[in-house]
*Asks:* 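Sharing a structure, written as structure tokens. Questions coming.
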Amino acid sequence: TTVAVKRPRWLVWVAGFLFVLGLVVIILGGQVKRLLSERRLEQEIYRALEEKRLISPPNDNALELYRRLRREFPNSATFQRVQAKVLNVLRDEINRGFDNFYRTSREDSQMWQELKKLCDWAVDIAPYDNWLKARQRYCYGRLEFLSKRYDNAILAYKEAIQNDPNWALPYESIKNIQIQQQISQINLEKKLLENIIYRWKEAWENKDIEKYMSFYSLNFQGVIYSGVRKLLNYYEWMDYKKRLFDKYNFIKINIKNLNIVISKDYAKVSFYQEFRSDKYSDKGRKILMLRKENNKWKIIKEDFIKYSD
């Protein structure tokens, strides 16, 4: 037969107490360890902020440490405290970045990439802060501008204005883009006009009357000098040129110092011209006035100032 061993009651109490105490120690130990880890992470973030390691170097910067704190302790008082501190630092850095741009106008894509990251981080913390959102959108716009995607840049600048209507910079940036686009368009038109002038010259040298006259407007007026100054209309000019084409065995034209001035749908083209044929030669300053008609440049006036030999 088995004899039951009766344990003293106090021994049961001691065992229970020790078990509960062990659980408390384990729980408290885990909490202490968690608090220490949280505190250590907070101090690392503050150190990174102080040393200006906001977004670099990789894996050792305030942003990565902040993300870790948010992942591990999202609802803690420490995280809320760190958020407030980080936001103040980010505001100062964003302000400093824009102040440097105002003062020096020096920029590159890396600068705007870094400033954009700071703005993205700040907006993530304070998504309803219009001042921050305006700076964020401006950074996006500037990167688009540097990549020559001007339409995208203007859209981003307009979003910046929506968030901060009293901020002058995006207005100025839109105006600068529009000026650049106008200059680019003028340069394109100049290239087009230069091409037209050389094709007109080629048709003249080839004595191709139809192609030559295709460069002229039906409202054209040309000047010739045969004792007196005489104005010719389109059809008179065509007859005059056709007679000359038939008269000369060859025609050679040399153009130098081409100058083009554009004003809306009008252009003035002037250049030094040397004309040579088997029966006649001269040199002087040629002036052509052109106008856009149905989106095509056409010569509406032509004059030639002959230089004396």
Side-chain angles (χ1 to χ4, degrees), residues 145 148 150-151 174-309:
F145 170 80
K148 301 187 184 303
Y150 298 127
D151 290 341
I174 289 174
K175 185 177 179 181
N176 289 338
I177 287 178
Q178 291 170 340
I179 291 171
Q180 286 198 15
Q181 287 177 326
Q182 289 172 1
I183 292 171
S184 297
Q185 183 61 36
I186 288 172
N187 289 335
L188 286 173
E189 293 292 350
K190 283 185 176 182
K191 288 287 185 184
L192 177 60
L193 283 163
E194 184 177 340
N195 180 262
I196 288 170
I197 296 304
Y198 281 101
R199 287 192 290 117
W200 164 82
K201 166 185 170 290
E202 183 182 18
W204 189 0
E205 289 179 322
N206 292 335
K207 301 190 294 180
D208 186 338
I209 190 65
E210 288 188 8
K211 188 172 183 181
Y212 176 79
M213 291 307 296
S214 71
F215 294 98
Y216 289 83
S217 166
L218 292 176
N219 299 311
F220 168 79
Q221 282 190 325
V223 179
I224 62 170
Y225 298 88
S226 54
V228 293
R229 186 174 184 272
K230 185 178 180 182
L231 281 175
L232 301 181
N233 64 28
Y234 174 88
Y235 297 102
E236 292 168 336
W237 186 265
M238 182 168 60
D239 290 341
Y240 166 69
K241 286 294 181 178
K242 192 173 187 306
R243 290 196 303 272
L244 292 178
F245 287 180
D246 292 339
K247 178 180 178 180
Y248 302 136
N249 290 326
F250 73 88
I251 294 174
K252 289 295 179 184
I253 310 294
N254 186 30
I255 291 175
K256 295 179 181 178
N257 303 325
L258 188 66
N259 183 55
I260 300 172
V261 178
I262 299 174
S263 178
K264 295 183 179 179
D265 288 337
Y266 289 85
K268 179 181 178 181
V269 181
S270 59
F271 49 88
Y272 173 78
Q273 173 185 292
E274 291 179 345
F275 176 94
R276 186 166 59 88
S277 73
D278 56 311
K279 294 182 175 66
Y280 177 78
S281 64
D282 63 21
K283 58 185 176 181
R285 184 167 179 258
K286 174 63 65 73
I287 302 171
L288 300 175
M289 296 297 298
L290 297 94
R291 179 176 64 200
K292 265 195 175 181
E293 297 179 355
N294 297 321
N295 211 34
K296 292 182 179 179
W297 289 105
K298 296 290 183 179
I299 301 170
I300 57 172
K301 287 184 181 179
E302 181 171 339
D303 198 0
F304 179 72
I305 302 171
K306 183 179 176 182
Y307 293 169
S308 58
D309 294 330

*Asks:* Decide if atom NZ of K268 counts as having more than 12 heavy atoms of other residues, nucleotides or ligands within a radius under 6.0 Å.
*Replies:* no
*Asks:* Mind checking the CZ-CG spacing from R199 to N206? Nearest 0.5 Å is all I need.
*Replies:* 13.0 Å
*Asks:* Salt bridge or not for R291 and E293, using N-O below 4.0 Å?
*Replies:* yes
*Asks:* Roughly how far, to the nearest 0.5 Å, is the CD1 atom of I260 from the OG atom of S270?
*Replies:* 9.0 Å
*Asks:* Check Y248 against K207 and note the closest heavy-atom contact, atom names and distance.
*Replies:* O-NZ, 2.6 Å
*Asks:* For Y198, look at atom OH and say whether over 12 heavy atoms of other residues, nucleotides or ligands are found less than 6.0 Å away.
*Replies:* yes
*Asks:* Using the side-chain hydrogen bond (donor to acceptor under 3.5 Å, both in side chains) definition, which of the options K286, K283, K201 pairs with Q273?
*Replies:* K286
*Asks:* Hey, what do you get for NZ (K252) to OG (S281), rounding to the nearest 0.5 Å?
*Replies:* 15.0 Å
*Asks:* Minimum heavy-atom separation for L218 to Y234, with atom names?
*Replies:* O-CB, 3.6 Å
*Asks:* Find out whether M213 and W237 are in side-chain contact, i.e. whether some heavy atom of one side chain is under 4.5 Å from a heavy atom of the other.
*Replies:* yes
*Asks:* Got L290 and I300 here, is their nearest side-chain heavy-atom distance under 4.5 Å?
*Replies:* no
*Asks:* Considering all heavy atoms of both residues, which atom of F220 and which atom of I299 are nearest to each other, and what is their separation?
*Replies:* CD1-O, 3.6 Å
*Asks:* Quick one: do K230 and E236 make a salt bridge, cutoff under 4.0 Å?
*Replies:* no
*Asks:* Any heavy-atom pair between the side chains of I197 and E194 that's under 4.5 Å?
*Replies:* no
*Asks:* Could you tell me whether the side chain of I262 reaches within less than 4.5 Å of the side chain of L193, counting heavy atoms only?
*Replies:* yes
*Asks:* Rounded to the nearest 0.5 Å, how far apart are CD1 of I287 and CG of D303?
*Replies:* 5.5 Å
*Asks:* Take atom NZ in K264; do more than 12 heavy atoms of anything else shown fall under 6.0 Å from it?
*Replies:* no
*Asks:* Is it true that atom NZ of K298 has more than 12 heavy atoms of other residues, nucleotides or ligands lying nearer than 6.0 Å?
*Replies:* yes
*Asks:* Are the side chain of S263 and the backbone N or O of Y266 linked by a donor-acceptor pair below 3.5 Å?
*Replies:* no
*Asks:* Identify the heavy atoms of Y240 and I224 that sit nearest to each other, and give their distance.
*Replies:* CE2-CG2, 3.5 Å
*Asks:* Of all the heavy-atom pairs spanning K306 and D282, show the shortest one and how long it is.
*Replies:* CE-CB, 3.9 Å
*Asks:* Working note: K279 + N249, criterion side-chain contact (heavy atoms from CB on, under 4.5 Å); need CA distance, chi angles, decisive distance, verdict.
*Replies:* CA-CA 8 Å; K279 294 182 175 66; N249 290 326; 4.0 Å; yes
*Asks:* Run the ring pair (Phe, Tyr, Trp, His ring centres under 6.0 Å) test against F304 and tell me which residues pass, sequence neighbours left out.
*Replies:* none
*Asks:* First locate atom OG of S214, then atom NZ of K296, and finally report the distance between them rounded to the nearest 0.5 Å.
*Replies:* 9.0 Å
*Asks:* Any ion pair linking R243 and D239 (charged N to carboxylate O, less than 4.0 Å)?
*Replies:* no
*Asks:* Using side-chain contact (heavy atoms from CB on, under 4.5 Å), reason through W204 and F215 one step at a time and then give a plain yes or no.
*Replies:* CA-CA 11 Å; W204 189 0; F215 294 98; over 6 Å; no
*Asks:* Show your working on side-chain contact (heavy atoms from CB on, under 4.5 Å) between W200 and L288 and close with a plain yes or no.
*Replies:* CA-CA 11 Å; W200 164 82; L288 300 175; 4.2 Å; yes
*Asks:* Check whether any side-chain heavy atom of R276 sits under 4.5 Å from a side-chain heavy atom of F250, and report yes or no.
*Replies:* yes
*Asks:* State, to 0.1 Å, how close E205 and I253 come at their nearest heavy-atom pair, and which atoms those are.
*Replies:* OE2-N, 2.8 Å
*Asks:* Hey, is NZ on K292 packed in by over 12 heavy atoms from elsewhere, all under 6.0 Å?
*Replies:* yes
*Asks:* With side-chain contact (heavy atoms from CB on, under 4.5 Å) as the test, would you mind laying out the steps for E189 and L192 before giving the verdict?
*Replies:* CA-CA 5 Å; E189 293 292 350; L192 177 60; 3.8 Å; yes
*Asks:* Does Y225 have more than 12 heavy atoms from other residues, nucleotides or ligands lying within 6.0 Å of its OH?
*Replies:* yes
*Asks:* Between CE of M238 and CZ of F245, what distance do you get to the nearest 0.5 Å?
*Replies:* 11.5 Å
*Asks:* Side chains of Q185 and Q181: donor-acceptor distance under 3.5 Å anywhere?
*Replies:* no
